[in-house]
There are 2 protein chains.
Amino acid sequence: MARHAQVSLRTVNNVVSGYQHVSEAMRRKVHQAMEELDYRPNPIARTLRTGRTGVLALVVPEIDVPYFAELAREVINAAAGIGYRVIVDQTGHDHDRERRLLTGADRTMLFDGLLFSPLVTPAELQEMQDSPVVPLVLLGEHDFDGRYDHVAIDNEQAAFDAVSHLVAIGRRRIAAIGVQPQESYATPQQRTAGFQRALGDAGLPMEARYLQAAPHYRRAAGYAAAQELLALPEPPDAIFCYADLLAMGAVRAVFDAGLRVPDDVAVIGIDDIEEGRYSRPTLSTVSLDTPQIALEAVRRVASRIDEPGQPALQITAAHSVLVRESTGGA
Amino acid sequence: MARHAQVSLRTVNNVVSGYQHVSEAMRRKVHQAMEELDYRPNPIARTLRTGRTGVLALVVPEIDVPYFAELAREVINAAAGIGYRVIVDQTGHDHDRERRLLTGADRTMLFDGLLFSPLVTPAELQEMQDSPVVPLVLLGEHDFDGRYDHVAIDNEQAAFDAVSHLVAIGRRRIAAIGVQPQESYATPQQRTAGFQRALGDAGLPMEARYLQAAPHYRRAAGYAAAQELLALPEPPDAIFCYADLLAMGAVRAVFDAGLRVPDDVAVIGIDDIEEGRYSRPTLSTVSLDTPQIALEAVRRVASRIDEPGQPALQITAAHSVLVRESTGGA
DNA sequence: TTGTAAGCGTTATCAC
DNA sequence: GTGATAACGCTTACAA
């Protein structure tokens with residue numbers, strides 16, 4: 001043991017772990033010895049003993065989707081603030097991968113808690129026989145079933161607010177991009193519900209032809225879906241996209257079709273990614289307060305790590321419509 | 001020990017680690033026992049014993065800068081391909097944080113190798129007394145000094161190519177955005193050198209007023225810098241940005257000034273982020289083959305982990321100019 | 001207040 | 001081919 005350099009063993013640990021009752025002389029002596037030997041406690045050994053790695057895992061579909069990147073940024077910062085590091089994993093769009101991660105069937109689980117932004121719904125999760133083996137907080141879902149912690153906005157209401165804004169500026173042929181071919185995803189379902197409610201409140205019908213699916217939430221999908229909409233005999237005069245990135249693609253498609261945003265087609269998204277604050281036109285959107293979401297989520301896992309059997313909590317973050325150029329705002 | 005369920009100990013390990021000489025009967029027996037007891041090898045204990053965590057660390061300034069997000073995506077995928085997971089850390093713009101990470105002064109080093117996209121230059125690194133304690137590959141730097149592995153493009157040449165393109169389309173008052181107030185950063189220096197060489201080859205002078213600093217490489221910095229340039233008595237007719245994100249801000253600033261891109265001011269960046277393929281106008285840029293960079297880098301650390309004392313290698317990735325709308329391309 | 005000893009769950013060395 | 005046994009480097013009762 002490198003530590004015997006000067007004194008004894010237990011004392012070293014007391015000093016390192018900041019124990020109260022250590023004589024000042026001892027403390028100094030130990031610190032000096034640590035300097036001289038360039039000694040560093042081995043985190044792995046500590047982990048083996050304590051069962052804590054000090055690592056949280058953040059799982060998102062794709063890290064290079066700006067919203068997830070921004071989320072990751074906030075999560076990493078929030079985690080660092082309370083002494084955790086963050087491992088980032090991508091599921092692609094692989095459901096099996098998600099399940100494996102959740103059930104811990106993935107052998108390499110060296111983290112204390114999991115922040116999970118899933119595609120599979122809690123309903124699907126429920127079918128899994130094995131309950132999660134690690135403290136878990138779900139992000140972006142809002143199908144609360146009392147089993148897992150959730151941190152999310154009110155998706156249905158957010159969609160409602162966005163579409164209501166389109167109605168308010170006089171649009172009548174309102175389309176939506178982002179419905180998922182897989183019925184099982186909760187978030188798009190909720191947004192569709194909000195879309196429908198807003199149309200209903202405005203006395204407008206929800207027409208199937210105005211409902212465009214998106215296999216994934218990237219620009220290319222938004223572009224393709226918008227093309228479909230614009231090719232309709234009676235194209236929409238407004239498009240509500242379930243994600244800003246879809247909206248960026250949709251805007252480009254509108255211009256490529258020789259039309260203008262917002263004059264011919266107004267576009268609004270959800271997420272408030274930075275890109276939309278500089279694009280031409282700037283993008284109207286629903287802002288999510290991602291820092292708050294990240295902070296709440298990190299706090300929540302941390303708390304669950306420290307005290308396991310807590311009842312599941314549902315935390316709803318604030319959202320607000322931001323009117324920008326793409327819907328005729330300043 | 002859960003393992004005693006059926007047989008003995010050593011055998012279990014042999015089976016788990018896929019040892020050659022185990023009777024088929026034994027193997028089956030063990031596997032069955034593992035099923036029944038839902039046994040999972042503890043990765044931490046394994047790590048303590050083997051010294052391998054199976055984790056790589058990727059350190060970038062900010063994960064929500066699209067280029068780094070795209071890099072992270074590729075790194076995570078490449079790492080997964082050879083059995084590594086990735087921890088992502090952000091340095092913000094904190095040099096001390098970078099140094100701590102590199103010297104291992106950061107106690108919580110639970111990774112086998114480090115992929116580091118630094119702000120500090122190798123020159124600065126050199127001054128650090130402690131050599132890095134962990135296999136290290138530098139990304140995006142190109143000031144090779146024979147001590148660390150590097151994976152990067154030829155920054156000087158990339159800048160030269162970009163600016164030469166601006167010259168080729170007839171621009172004469174060419175400005176640059178991205179010089180760093182801190183002289184010590186290598187990448188911007190190299191890009192400035194390439195900028196200067198291209199101007200020189202075209203018989204154009206490099207004027208100090210056309211050289212704009214950017215405190216960071218985000219949209220806001222590009223926007224502010226472009227505003228400065230456009231306010232000059234003789235504003236530039238082209239802007240070379242050291243990063244696409246700067247270019248996105250610059251483009252917006254040009255339009256907000258009532259001018260057009262590329263008609264009045266052509267803009268080109270570096271990075272080829274996806275955003276630039278959908279923006280209006282689409283952004284001319286220098287493409288970096290990020291997947292290749294990520295793959296090379298991951299392979300390189302992995303190799304260094306397996307066989308430490310290897311001489312430092314310099315890997316130069318390909319780059320190519322992509323002409324899009326922002327410089328008058330199709 | 002400080003020292004001693006046991007054990008976290010692996011892997012690896014050694015005989016059998 | 002398989003079974004004991006000793007580390008890996010730390011934390012933590014427990015004893016002094």
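Values in this document were obtained by computation on a predicted structure and should not be read as measured data. The chains referred to below are lettered A, B, ... by the order of the sequence lines, with proteins before strands, and numbering in each begins at 1.
- A straight line from NZ of B:Lys29 to C1' of D:dG1 spans 14 Å, rounded to a whole angstrom.
- Counting only distance, with no hydrogens or angles, the side chain of A:Asp89 and the backbone of A:Val59 share no donor-acceptor pair below 3.5 Å.
- You'll find the side chain of B:Ile44 reaches within 4.5 Å of the side chain of A:Thr53, heavy atoms only.
- Set against D:dC10, D:dT2, C:dT2, the side chain of B:Met26 has D:dT2 as its closest nucleotide.
- The shortest side-chain heavy-atom distance between A:Val16 and A:Arg46 falls under the 4.5 Å cut-off.
- C:dG7 atom P lies 18 Å from atom CG of B:Asn42, rounded to whole Å.
- A:Leu139 has its side chain within reach of A:Leu58: a pair of non-hydrogen atoms, C-beta onward, lies under 4.5 Å apart.
- One finds no side-chain N or O of B:Thr47 lying less than 4.0 angstrom from the OP1 or OP2 phosphate oxygen of C:dT10.
- Across the protein-nucleic acid pair, A:Asn14 atom CG and C:dT1 atom P stand 11 Å apart, rounded to whole Å.
- Side-chain proximity of A:Arg49 to the nucleotides C:dT10, C:dT2, C:dC8 is greatest for C:dC8.
- In this structure, B:Ile44 atom CD1 and D:dT11 atom C1' are separated by 15 Å, rounded to whole Å.
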Pull out every protein N or O sitting under 3.5 Å from an N or O of nucleotides 13-16 of chain C, one pair per line with the distance.
| residue | atom | partner | partner atom | Å |
| --- | --- | --- | --- | --- |
| C:dT13 | O4 | B:Arg10 | NH1 | 3.0 |
| C:dC14 | N4 | B:Arg10 | NH1 | 3.4 |

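- The salt bridge (Lys or Arg N to Asp or Glu O under 4.0 Å) pairs that include a residue from residues 48-57 of chain A are A:Arg52-A:Asp306, where partners are two or more places apart or lie in different chains.
- Evaluation of the side-chain hydrogen bond (donor to acceptor under 3.5 Å, both in side chains) rule for A:Glu74 yields no partner, not counting sequence neighbours.
- Between the CG atom of A:Leu48 and the P atom of D:dA7 there is a distance of 17 Å, given to the nearest Å.
- Whole-Å rounding puts the A:Arg52 CZ to D:dT11 C1' distance at 14 Å.
- Here A:Ser23 reaches the OP1 or OP2 of C:dT2: one of its side-chain N or O atoms lies under 4.0 Å away.
- Surrounding CD of B:Glu35 are at most 12 heavy atoms belonging to other residues, nucleotides or ligands under 6.0 Å away.
- Taking 4.0 angstrom as the limit, A:Asn13 places a side-chain polar atom (N or O) nearer than this to OP1 or OP2 of D:dT11.
- Taking every side-chain heavy atom of B:Pro41 into account, C:dT10 is the closest of C:dT10, D:dT11, C:dT11.
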